[in-house]
2 protein chains.
Amino acid sequence: MAQPRPERKRPGSIRQVAELAGVSIGTVSNVMNSPHLVAEATRLRVEEAIRATGFVRNAAARQLRGIPSTVVGCVLLDLSNTFFAEVARGIEDRLAEDGCVAVLCSTDVKQERERHFLRILQETRVRGVIINPVDPDGGDFTELPDRGTPVVLLDNRSDHRQLCAVTVDNVAGGMASCGHLLDLGHRRIALLCADADVRSVMDRAEGVRKAVLAGGLDPDRVLFEIPLDPPRNRGSADAAIEQAVTDPEPPTAFLCFNDTVAATLLAGLHRRGVAVPGDVSVIGYDDVTFAGALFPPLTTVRQPKYEIGRAAAELLLSESEPDHLHREVVFAPELVVRQSTGAPPEHPRAL
Amino acid sequence: MAQPRPERKRPGSIRQVAELAGVSIGTVSNVMNSPHLVAEATRLRVEEAIRATGFVRNAAARQLRGIPSTVVGCVLLDLSNTFFAEVARGIEDRLAEDGCVAVLCSTDVKQERERHFLRILQETRVRGVIINPVDPDGGDFTELPDRGTPVVLLDNRSDHRQLCAVTVDNVAGGMASCGHLLDLGHRRIALLCADADVRSVMDRAEGVRKAVLAGGLDPDRVLFEIPLDPPRNRGSADAAIEQAVTDPEPPTAFLCFNDTVAATLLAGLHRRGVAVPGDVSVIGYDDVTFAGALFPPLTTVRQPKYEIGRAAAELLLSESEPDHLHREVVFAPELVVRQSTGAPPEHPRAL
DNA sequence: ATGAAAGCGCTAACAT
DNA sequence: ATGTTAGCGCTTTCAT
């Protein structure tokens with residue numbers, strides 16, 4: 001029973017399988033796509049031949065015949081950012097359920113990179129593109145739908161455009177964060193805002209103000225903004241502390257717009273012997289993995305990252321359905337109270 | 001000059017471009033692939049037609065003609081693990097330099113998932129696959145090279161197989177970690193090993209023993225293993241502390257096999273009022289982003305994650321070269337001394 | 001139940 | 001310098 005050795009340098013083609021099984025290529029195709037049309041005996045013979053030749057069907061050839069691609073493009077800002085990494089996992093998992101797979105692209109917020117990736121994705125004729133655009137109001141992605149590539153917006157609303165979108169209610173997140181501090185009795189709050197130009201961050205800031213207003217207080221008295229120059233700069237949290245300390249009316253709480261900033265802040269506070277939450281409270285945003293492992297465990301606002309990813313993939317997949325309607329999914333952020341927040345000290349000591 | 005409206009539901013085909021420009025499809029192809037063969041005037045006309053039709057070349061059709069795919073498969077254990085996320089960024093960036101793009105797949109260490117992904121990647125006829133296999137000694141990935149899909153191993157040596165591979169010298173990493181503690185004078189060290197079954201972790205453990213031996217000491221007296229059951233279990237660091245404290249000869253240092261465990265440990269120690277590094281030292285592994293933001297900033301062993309990714313992509317890309325030789329790239333881990341380690345206390349107090 | 005053949009969009013070899 | 005054409009691997013009618 002000498003079988004042909006499968007050691008050819010490429011997967012066998014459908015023709016080789018047909019020859020080996022003594023049938024036509026049409027029949028081989030039917031074995032794979034419409035087995036019920038094929039006689040049992042023939043089917044078995046063909047299946048054996050497939051195994052023997054190491055045949056793997058060629059997606060490119062199928063695609064040319066009109067079968068939709070199984071690859072989906074994802075254009076994110078930065079995969080090494082844990083927010084996006086977890087979103088990506090959600091996308092991946094949902095896609096896998098439908099036998100699809102994701103190409104992940106990080107733009108680093110550069111139009112040029114975004115354009116480059118979108119070009120490749122279009123050439124590949126991906127099933128669709130999930131994108132957190134560099135510029136929500138412009139950029140090449142707006143043309144994709146016209147050219148037949150479905151687009152799902154991530155972390156951006158669709159505005160006037162007619163697209164599917166997945167977002168988190170950042171205004172609500174900002175409100176929850178600030179509301180928590182207000183509830184605890186804080187009336188002087190420092191805002192540490194990194195990446196103040198990004199839409200989601202701006203929304204959070206808006207929510208923060210709203211919370212103050214809702215409490216019948218004056219944002220300009222309560223809030224106290226400390227910009228964090230060079231984004232993600234290590235030293236900047238220290239500078240922020242300095243600025244807070246020297247303020248005539250020092251804050252009793254720090255509201256950070258992401259957990260990394262909060263972590264750096266916490267470390268700086270420790271170093272100066274400032275007790276958290278005894279002397280000051282600290283709240284973060286994101287609920288990254290290590291948030292609970294900090295000291296003290298960080299109170300923060302959780303974004304359902306994984307679910308966001310799943311939802312985006314779900315929407316993308318649904319674009320192929322005949323009766324598809326563009327939808328917008330909005331997730332609610334969730335306040336996670338741990339131990340870095342508490343009531344302001346009754347007798348504030350100098351920081 | 002009424003231009004045809006580009007609003008067709010798919011990118012124009014090469015034929016439409018040819019018609020609009022009044023040339024043959026061969027000429028259009030030449031404009032894109034061998035512009036020097038085409039007269040200036042014709043070229044301009046064709047380029048204009050490309051723009052007008054919104055034409056984007058079809059990678060599937062090209063692939064069928066033998067042009068290699070621009071997509072590379074990456075099969076990792078878990079993209080939401082920051083180690084892999086950063087490796088992925090390295091891969092992504094290096095691939096982009098050659099106009100390629102990566103499909104990222106997380107196996108969650110499940111053979112079944114790995115098999116599924118490898119099948120799709122083969123069907124897609126990816127340029128090659130970069131893989132951190134679930135089981136280095138078996139699994140479907142071993143067949144890929146025979147079927148013409150180049151494979152680069154990640155975080156695994158190629159052993160007898162003939163493959164390219166990128167690894168970190170984990171034995172050296174373990175030695176560096178333990179050596180540092182030994183140099184500081186520690187003679188009783190608790191080992192917190194998560195995922196003890198994973199190859200890279202086993203290698204680190206080996207390095208740790210080697211360091212002790214190299215110092216002329218007895219591993220069985222110095223080392224003190226605390227297994228962390230349910231991998232990544234939150235509570236387990238606390239249990240570890242408990243176990244360490246109640247030991248007749250309590251450790252003066254904790255050596256953790258990853259930073260997340262170290263972070264949890266640090267938090268637990270703080271809670272008990274144990275000073276780090278005053279009472280005990282703590283060392284991590286990986287140097288994740290937040291390691292420097294912990295309190296105290298964590299001494300750890302850095303893996304050049306991004307560079308590992310770049311190297312893997314580099315190797316994968318080089319597989320297409322005619323005179324390719326399989327290579328193995330080994331990176332050296334680097335000890336990053338911060339403030340969680342110090343000399344053991346002269347008069348150890350009870351933890 | 002199976003086979004024959006057209007054609008998806010493109011490249012490259014050949015012809016003009 | 002440009003056009004013509006075969007064929008990559010497959011799916012899908014249409015015949016048989």
Side-chain angles (χ1 to χ4, degrees), chain A residues 8-47 49-50 53-70 119-120 122-126 147-149, chain B residues 8-47 49-50 53-70 120 122-127 147-149:
Chain A
R8 51 199 95 248
K9 252 313 187 188
R10 348 183 345 176
S13 76
I14 198 174
R15 197 185 326 268
Q16 291 165 32
V17 175
E19 270 168 28
L20 182 57
V23 298
S24 73
I25 61 170
T27 298
V28 176
S29 176
N30 281 336
V31 168
M32 298 183 302
N33 305 310
S34 316
H36 59 280
L37 296 181
V38 183
E40 167 95 0
T42 320
R43 213 196 60 221
L44 261 31
R45 205 150 25 93
V46 171
E47 283 168 350
I50 288 177
T53 52
F55 171 71
V56 178
R57 63 187 186 182
N58 186 326
R62 305 186 78 219
Q63 201 179 319
L64 222 44
R65 292 287 338 192
I67 276 78
S69 165
T70 56
R119 162 141 227 108
I120 296 182
Q122 273 183 278
E123 292 186 356
T124 308
R125 299 293 192 273
V126 291
R147 297 197 185 144
T149 305
Chain B
R8 50 200 96 249
K9 251 315 187 186
R10 346 182 349 174
S13 76
I14 197 174
R15 195 182 329 263
Q16 291 164 32
V17 176
E19 269 167 30
L20 181 58
V23 298
S24 73
I25 60 171
T27 298
V28 176
S29 176
N30 280 336
V31 168
M32 298 183 303
N33 305 309
S34 317
H36 59 279
L37 296 181
V38 183
E40 166 96 359
T42 322
R43 213 195 62 222
L44 261 31
R45 206 150 23 94
V46 171
E47 283 168 350
I50 288 177
T53 53
F55 170 72
V56 178
R57 61 187 187 184
N58 186 325
R62 304 187 79 219
Q63 200 179 322
L64 222 45
R65 292 287 338 194
I67 276 79
S69 165
T70 55
I120 297 182
Q122 273 182 278
E123 291 186 356
T124 307
R125 300 290 192 272
V126 291
R127 175 81 139 266
R147 298 198 184 141
T149 306

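To find a chain, count down the sequence lines: A is the first, B the second, and so on, and within it residues start at 1.
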Run the salt bridge (charged side-chain N to carboxylate O under 4.0 Å, His left out) check on B:Glu47 and B:Arg43 step by step: do they pass? CA-CA 6 Å; B:Glu47 283 168 350; B:Arg43 213 195 62 222; 3.3 Å; yes
Exercise: identify the closest heavy-atom pair between A:Ala60 and A:Asn58: N-OD1, 2.8 Å
Reported CZ-to-CZ distance for the pair A:Arg119 and B:Arg57, which is rounded to 0.5 angstrom: 7.0 Å
Can you find a heavy atom in the side chain of B:Arg15 that is under 4.5 Å from one in the side chain of B:Phe55? no
Heavy atoms of chain A, cut-off under 4.0 Å: which first and last nucleotide of DNA chain D, 5' to 3', fall inside that, if you could look? D:dC8 to D:dT12
How long is the span from the OG1 atom in B:Thr149 to the CZ atom in B:Arg127, to the nearest 0.5 Å? 12.5 Å
What is the per-nucleotide protein-contact pattern of nucleotides 3-13 of chain C, from the 5' end, where B denotes a base atom under 4.0 Å from a protein heavy atom, S denotes such proximity for sugar-phosphate atoms only, and - denotes neither? B--BBBBBBB-
Give me the atom names and distance for the closest heavy-atom approach of B:Ala61 to A:Leu64. CB-CD1, 3.9 Å
Shortest non-hydrogen contact from A:Thr124 to A:Gln63? O-NE2, 3.2 Å
